[in-house]
Amino acid sequence: MTDATSPSPERSSDGRDVGLVGLAVMGQNLVLNLAEHGYRVSVYNRTTETTDEFVARQEFGDHIVGYETIEQMVASLSRPRRIILLVKAGVVVDKVIESLTPFLDDGDIIIDGGNSLYTDSTRRQTALADHGIHFVGAGVSGGEEGARNGPSIMPGGASQAWPHIKDMLQAISAKAGPGQDEPCCDWVGPEGAGHYVKMIHNGIEYGDMQVLAEAYALMSAQGQSNSEMATTFDQWNQGRLKSYLVEITSEILAHTDDDGVSTIDVILDAAGQKGTGKWTVISAMELGQPMMLVAEAVGARMVSSFVETRAQAQQLLPGPTDGAGSDLELTLDDIGDAIYAAKLISYAQGFMTLDAASSEFEWNLDLGSVAKLWRAGCIIRAVFLDDIARAYAEQPDLENLLFDPFFVDALSSAVGGLRRTVVAATAAGLAVPAYASALTFYDGFRTARGSANLIQAQRDYFGAHTYERLDKPRGEWFHTDWVGSGGAAVSGSYSA
Ligand code: 2AM
């Protein structure tokens, strides 16, 4: 471990250790984190006043130096130059890269630490490789606090860069593990793999938040006060549900404004979103993976945004005639089970998507290592990521997380509560899209003989799409003349 006065391991004598472009909140905090770990950081921001104010305010002396131009900032760095970008995702990243590249040399490294779309990172790596520049797309999670004290960092892209940035990124990352010394930062894979893993992290985060919001809705409907619910979340945070999001939910529910009013009660119930949940669902769909809990979480935010329309609908559309919530008889154990089971299912869906992306893009992702990166520093950090990491460590070729003995046991004990919660909420007319989606996925997934035979028959009926038969080997396709003479199945080399 280094401190502000000790030299960093990669320091060379002819220049400063690392450059950083973009001094918004995340950028500033990451610079302070780097400086605290002994790195001499050269900073640049489009608006120079921001640079000047920041450099004047910080306590690390000449560990942090501001530059007025990108060229000066680049010139201050030792080689290979390492430059972190924390600018607005999208075209701004391309613009900044464009303004940097004329001043860079072969072997220099650009690390994009913003929330870029993984396909952009893949494109940027390819384009910069033509100029001899190593591009790294690094997902960074943990918000402002994480950036300052240790985020989860998910780097991917040009692997040649890794030996030059490994010590630095691992030094500033969060730490986890029994001795709390395992960095939550490791090489993820080529191309946009780092930003992909970050995107899935954010999608799962949407799901986790919705799962907790549904628990809040049910407990409120049962008449619990905010402070009672704060206590319940706090108790949940002592056990298997221990996680950052459960912890902050307890603190939020306990919070009052200066006038004594519960802050949560005066917040408009319309959720915002920046798009990473939507990206996750789009990618999962493209890969043929049912990441349905996250899809429901994204959808629930959309419905929440229809504030006026929902008020109108409440006047028009009836719920159950016996009154919503009045006969909701759920124990806190049931609701705790619903949260836990829904999360297990959501993470299984997330890792199915990661597995599919790894195969599709040939990234060779180590799923256990991904789970380890999320143990600390990031928003979804939770004790049960240790269980996921262990599951993949024991069985690297685990076909599905739900097949791991721990998951089988955990779900066996929690799914009853999830089922009671969905039944009771539905009977009471309360929306629980994440719980219902998790349960119905679970029931469909564990059904060996489903009902898609009918779907196949319908497809064959109206579109001659053909079908496989239980009494013939897989891969042989049949068509039935449904409206013709007796509907005989005709075998043939049809393409489905
Ligand atoms: P600013 O302080 O000059 O606005 C997050 O918005 C970060 O991205 C900020 O540091 C912001 O710089 C930077 N940024 C936004 N648009 C930019 C652009 N077109 N060129 C360079 N930096 C930009």
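Along the sequence shown, the residues carry numbers beginning at 1. One-based numbering, in listed order, for ligands and for the atoms of each.
If you check which protein heavy atom lies closest to atom 20 (N) of ligand 1, you get R46 CD, 3.7 Å. What sits closest to atom 13 (C) of ligand 1 on the protein, heavy atoms only, is V87 CG1, 4.0 Å. Here the protein heavy atom with the shortest distance to atom 5 (C) of ligand 1 is A24 CB, 3.7 Å. Of the protein's non-hydrogen atoms, the one nearest atom 11 (C) of ligand 1 is N45 OD1, 4.2 Å. Distance from atom 23 (C) of ligand 1 to its nearest protein heavy atom, with residue and atom name: V92 CG1, 3.6 Å.
Ion pairing between a basic and an acidic side chain is recognised when a charged N comes within 4.0 Å of a carboxylate O; D17 and R40 show such pairing. We find that R123 and D94 are joined by a salt bridge, their nearest charged nitrogen and carboxylate oxygen being less than 4.0 Å apart. Between R390 and D404 a salt bridge is recorded (basic side-chain N to carboxylate O distance below 4.0 Å).
When heavy-atom distances to ligand 1 are checked against a 4.0 Å cut-off, T47 comes that close through both its backbone and its side chain.
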Under the salt bridge (Lys or Arg N to Asp or Glu O under 4.0 Å) rule, what do D105 and R79 come out as? Steps first, then yes or no, please.
CA-CA 9 Å; D105 294 304; R79 294 187 191 178; 3.1 Å; yes
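Legend: residues meeting side chain to side chain donor-acceptor pair (under 3.5 Å) with E182, ordered by chain and number and at least two apart, are R375.
Residues Q210 and E214 bring a donor and an acceptor atom of their side chains to less than 3.5 Å of each other. With 3.5 Å as the limit, one finds a donor-acceptor pair spanning the side chains of D112 and S116.
Geometrically, ligand 1 and L23 share a nitrogen or oxygen pair separated by less than 3.5 Å.
Close approach of ligand 1 to K88 is summarised as follows: ligand atoms under 4.0 Å from at least one heavy atom of the residue are 5 (C), 8 (O). Annotation for ligand 1: atoms under 4.0 Å from non-hydrogen atoms of G22 are 10 (O).
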